[in-house]
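Per chain, numbering begins at 1; letters A, B, ... match sequence-line order. Since the structure is predicted, the reported quantities are computational estimates derived from the model, not experimental observations.
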Amino acid sequence: MNDILYKQQLSQDVFLMRLHAPLIAEERQAGQFIILQTDEDLGERIPLTIADADTVEGTITIIFQVVGKTTRHLATFEPGDELPALVGPLGKPTHIENFGRVICVGGGIGVAPLHPIAQALKKAGNHVTIITGARTRELIILEKEMKAIADELIICTDDGSYGRKGLVTAPLKELCERGSKPSMVIAIGPPVMMKFCSEATRPYNVFTQVSLNTIMVDGTGMCGGCRVNVGKEVKFVCVDGPEFDGHLVDFDNMISRLNAYKEIERRHYKCFVEKAFSDKEQEVRI
Amino acid sequence: MSYKPANELRKEAQCLLDEYLPKVSTLKVKERQKIPAQEMPVQDPEIRSHNMAEVALGYSFEQARIEAMRCLQCAKKNCMEGCPVKIDIPRFIDHIAKGEVEQAIAVVKETTLLPAVCGRVCPQEKQCQLYCTLGKSLKDIDRSVAIGRLERFVADWERIHNKTVIPFVKPATGKKVAVIGSGPAGLVAAADCRREGHHVTIFEAFHKLGGVLRYGIPEFRLPNDIIDKEIETLKAMGVEIKTNFVVGRTRKLTDLVEKDGYDAVFVGTGAGLPIFMGIEGENLVGVFSANEYLTRANLMKAFDRKADTPMYPSKNVVVLGGGNVAMDASRMARRLGAEKVYVVYRRSENEMPARKEEVLHAKEEGVDFLLLRNANRILGDEQGRVKGIECLRYELGEPDASGRRSPVVIPGSEFVLEADTVIVAVGNGSNPLISQTTPQLAVSRRGNIMVDETQKTSMDKIFAGGDIVLGAATVILAMGEGRKAAGAINTMLAGIPGQMLQ
Ligand SMILES: Cc1cc2nc3c(=O)[nH]c(=O)nc-3n(C[C@H](O)[C@H](O)[C@H](O)COP(=O)(O)OP(=O)(O)OC[C@H]3O[C@@H](n4cnc5c(N)ncnc54)[C@H](O)[C@@H]3O)c2cc1C
Ligand code: SF4
Ligand code: FES
């Protein structure tokens with residue numbers, strides 16, 4: 001169980017892994033996530049969206065970016081290794097139907113969870129426009145896969161090294177302005193990007209769904225650590241979400257909550273990297 | 001009360017033993033009443049508020065015997081009336097008085113599976129010890145026979161001396177029982193169904209077993225070793241365990257029966273949903289539910305510097321609530337380095353639902369109690385972090401119909417406490433996962449699963465018990481329900497021919 005079958009580096013800090021998890025593969029639907037640990041005793045629990053699944057082979061695919069100690073550790077796992085703890089699928093699945101014209105916006109690593117949703121929307125008969133954004137050409141992922149689904153694909157890079165120069169919000173705005181209004185927008189990516197996508201569509205009154213990846217502990221509604229303000233209500237992302245109406249989410253609060261442990265995490269990460277380095281040195285010396 | 005180290009208490013008890021042993025069989029009630037009640041040896045408060053080790057150290061053999069000799073061996077066993085699982089209290093205590101610990105534990109185990117846990121966490125002052133004739137005759141419930149401490153003593157003795165007997169398991173029946181959740185309710189249900197020879201699988205959402213015993217109640221009150229030992233016993237009995245398995249998500253409840261061939265299911269998923277107060281500022285950085293705070297510290301071992309799960313760095317902590325959860329959170333905060341910890345509670349100390357001993361221990365460890373006060377709003381700085389909490393003062397009003405005096409706010413009594421962390425411990429709702437994904441299952445308005453007098457739910461073959469049925473209750477009540485459900489499951493399964501018998 002939980003064996004890593006395949007690993008691929010997609011860009012400098014982004015990895016794709018295929019895991020043997022037949023039960024999760026069977027139940028999983030677009031929009032759901034898993035929680036994993038790289039150490040069952042002292043490891044932390046981190047949520048990652050399921051990017052893809054294969055019920056025949058009993059596998060799920062995750063795509064993650066190295067941002068902290070756990071993802072860094074995860075990146076050191078190789079095919080044949082076993083993941084100590086993996087639980088899922090968690091969260092409510094994305095509601096899929098033929099809405100009409102849908103715009104899917106993915107920022108950075110958010111393109112990974114967007115992929116199965118865009119795929120399902122296309123299959124349901126929607127006209128799907130995909131906008132993806134990355135800092136630079138090197139960091140663009142899943143271009144080929146997205147191209148295969150999209151009726152229209154727009155790629156943006158911050159530095160203009162590929163596709164359009166600029167942020168995803170620019171083409172998003174244009175599409176909202178253009179003739180017939182889109183039926184809905186789905187935006188997945190860094191919190192700031194989702195915030196600005198929601199701001200971009202607000203004046204046009206286009207329903208904008210965002211997928212939140214807050215700090216989580218249990219992922220089953222027990223701790224409340226994942227809570228966000230949605231309109232006047234407090235919601236638990238792990239059981240009420242992860243998808244919410246972007247026009248109602250209090251992104252500023254969410255972003256400050258996401259940063260709650262930044263200092264400590266930076267320290268943990270530094271210790272881990274330093275230790276890895278000194279281990280390497282030792283190996284070299286031996 | 002001045003602090004007495006354990007060896008001193010043991011020596012005092014030894015002297016008493018020398019005095020009482022020769023005449024124990026002829027002691028009159030009056031004389032027994034005069035035997036001094038035995039104090040629980042504890043770690044020095046100064047030291048323990050900086051470590052995670054268990055606070056209460058447990059009676060020595062000498063202390064246990066003296067305490068047991070205080071029991072009047074009443075013909076009318078009042079204490080048993082207060083015990084939810086009806087342990088034969090005077091009989092097990094009599095064995096201790098005679099020095100027969102092995103027989104004593106056997107009596108306890110006739111009716112309860114987790115005495116090492118219950119001896120530590122049951123609210124004895126509201127159960128057996130409330131009814132104890134000795135306490136009544138001395139007009140001081142604190143001087144009732146210390147039944148809980150004696151229960152703990154025999155259970156620890158069994159564990160430490162490696163006398164744990166793996167319960168006898170009947171020959172395989174070929175029938176399968178699924179137990180969802182590994183809290184006290186699930187553990188007991190699993191053991192009881194396994195004893196009958198059924199194949200039992202425990203499904204647990206977390207990576208470790210024990211439920212609240214593991215993630216909620218801290219090491220300093222209930223060491224993990226004890227839970228580990230109980231789980232080892234279950235494994236030795238042949239119970240199958242599947243962790244990281246969320247029923248409702250990883251597999252539907254109905255699939256367990258329809259696709260995986262389970263003949264019966266016990267749902268013991270607990271009261272997982274933290275309740276917040278709904279006040280301004282509750283989502284600021286630095287506000288936690290007690291569940292989250294304690295889970296990080298206990299299950300995720302955030303107190304261990306090697307652990308990856310971070311703990312919010314706190315100096316001034318305010319804990320809202322007055323139950324065991326609030327006591328655990330406040331004492332944990334002290335241990336994690338908080339300089340100032342306040343417990344803010346709306347009523348007076350008399351109404352606090354926490355075990356008396358925990359309140360006492362919290363006070364000894366430097367936790368400050370602000371009673372008849374309640375949070376009004378939480379104040380944040382520019383970065384969205386907690387910087388203080390505004391509270392209001394209350395007074396107890398006229399008794400209502402039920403005779404309880406409810407707190408009434410004193411207008412204009414606002415005051416501000418400086419704080420960087422607020423922990424909300426005002427209760428738990430029911431975990432919605434199973435009911436959300438099993439619409440056929442009848443639940444109450446508050447989300448608790450509805451059961452009949454045998455713990456059966458509205459669905460065939462599905463039973464439930466513990467906090468998911470009762471709302472946030474106690475370990476012993478959860479265990480009791482697990483046992484009752486297992487009984488009903490065993491009866492039901494006895495009526496169906498097993499696959500191997502066909
Ligand atoms: C901090 C704290 C202190 C307490 N102190 C005391 C005390 O001193 N004395 C006392 O008597 N009581 C105390 N209690 C209450 C007591 O712990 C509970 O009443 C008791 O644990 C309930 O047992 P249970 O088996 O019903 O559920 P729980 O112990 O809550 O266990 C439920 C288990 O089910 C798992 N689960 C949930 N959903 C799923 C799912 N869908 N699939 C698989 N697994 C699932 C959970 O992860 C959990 O492990 C305390 C509670 C807390 C939180
Ligand atoms: S009521 Fe008290 S004194 Fe009487 S038998 Fe029970 S424990 Fe002993
Ligand atoms: S992660 Fe704990 S409630 Fe959502």
Are any of the side-chain heavy atoms of A/Glu27 and B/Asp255 separated by less than 4.5 Å? yes
What residue in A/Ile24, A/Ile255, A/Leu90, A/Ile46 has the most heavy-atom pairs under 4.5 Å with chain B? A/Leu90
Do you know which two heavy atoms are closest between A/Ala85 and B/His207, and how far apart they sit? CB-CB, 4.4 Å
Would you say that more than 12 heavy atoms from the other residues, nucleotides or ligands in this model lie under 6.0 Å from the CD of A/Glu57, or not? no
If you count heavy-atom pairs within less than 4.5 Å of chain A, which of B/Thr295, B/Val424, B/Asn428, B/Thr437 leads? B/Thr295
Check each atom of B/Thr250 against the heavy atoms of chain A and say whether the ones under 4.5 Å are side chain, backbone, both or neither. both
Counting only heavy atoms not in A/Gln9 (residues, nucleotides, ligands), do more than 12 fall under 6.0 Å from its CD? yes
Part of A/Leu86 within contact of chain B (heavy atom distance under 4.5 Å): backbone
In plain terms, say whether A/Glu40 and B/Lys208 are close enough for a salt bridge, that is, a side-chain N and a carboxylate O under 4.0 Å apart. no
Any idea how B/Phe288 and A/Tyr261 line up, ring-wise: parallel (<30°), tilted (30 to 60°), or perpendicular (>60°)? tilted
Heavy-atom closest pair (B/Arg296 atom, A/Ile215 atom, distance to 0.1 Å) is NH2-CG2, 3.4 Å
Between A/Asp218 and chain B, which part of the residue has a heavy atom less than 4.5 Å away: side chain, backbone, both or neither? both
Going by atom types alone, do B/Asn283 and A/Arg257 pair a side-chain donor with an acceptor below 3.5 Å? no
Residue pair B/Phe276 / A/Val234, side-chain heavy-atom distance below 4.5 Å: no
I want to check something: taking the side chain as every heavy atom from C-beta on, are B/Arg249 and A/Lys92 in contact at a cut-off of under 4.5 Å? yes
Between B/Asn431 and A/Thr220 the two heavy atoms that sit nearest each other are ND2-O, 3.4 Å
Interface moiety of A/Arg28 toward chain B, non-hydrogen atoms closer than 4.5 Å: neither
Got a sec: does the CZ of A/Phe64 have more than 12 other heavy atoms crowding it under 6.0 Å? yes
Side chain, backbone, both or neither: which part of B/Leu294 has a non-hydrogen atom closer than 4.5 Å to chain A? neither
In the structure I gave you, are the side-chain heavy atoms of A/Thr70 and B/Asp308 within less than 4.5 Å of one another anywhere? yes
Which region of B/Val287, side chain (C-beta onward) or backbone (N, CA, C, O), has a non-hydrogen atom less than 4.5 Å from a non-hydrogen atom of chain A, or is it both or neither? both
Taken to the nearest 0.5 Å, the spacing of A/Cys223 SG from B/Leu299 CG works out to 11.0 Å
Counting heavy-atom pairs under 4.5 Å with chain A, which one of B/Glu292, B/Lys252, B/Gln436 comes out on top? B/Glu292
Segment of A/Asp250 engaging chain B (4.5 angstrom heavy-atom cut-off): neither
Check whether any side-chain heavy atom of A/Phe236 sits under 4.5 Å from a side-chain heavy atom of B/Pro274, and report yes or no. yes
Name the region of B/Leu433, side chain, backbone, both or neither, that has any atom closer than 4.5 Å to a heavy atom of chain A. side chain
Does B/Glu282 come within less than 4.0 Å of A/Arg227, counting only side-chain N to carboxylate O? no
Could you check if a side-chain atom of A/Gln37 sits within less than 4.5 angstrom of a side-chain atom of B/Met300, using non-hydrogen atoms only? yes
Separation between CG of A/Leu23 and NZ of B/Lys242, rounded to the nearest 0.5 Å: 7.0 Å
Compare every heavy atom of A/Gly43 with every heavy atom of B/Thr309, then report the nearest pair and how far apart it is. OG1-O, 3.9 Å
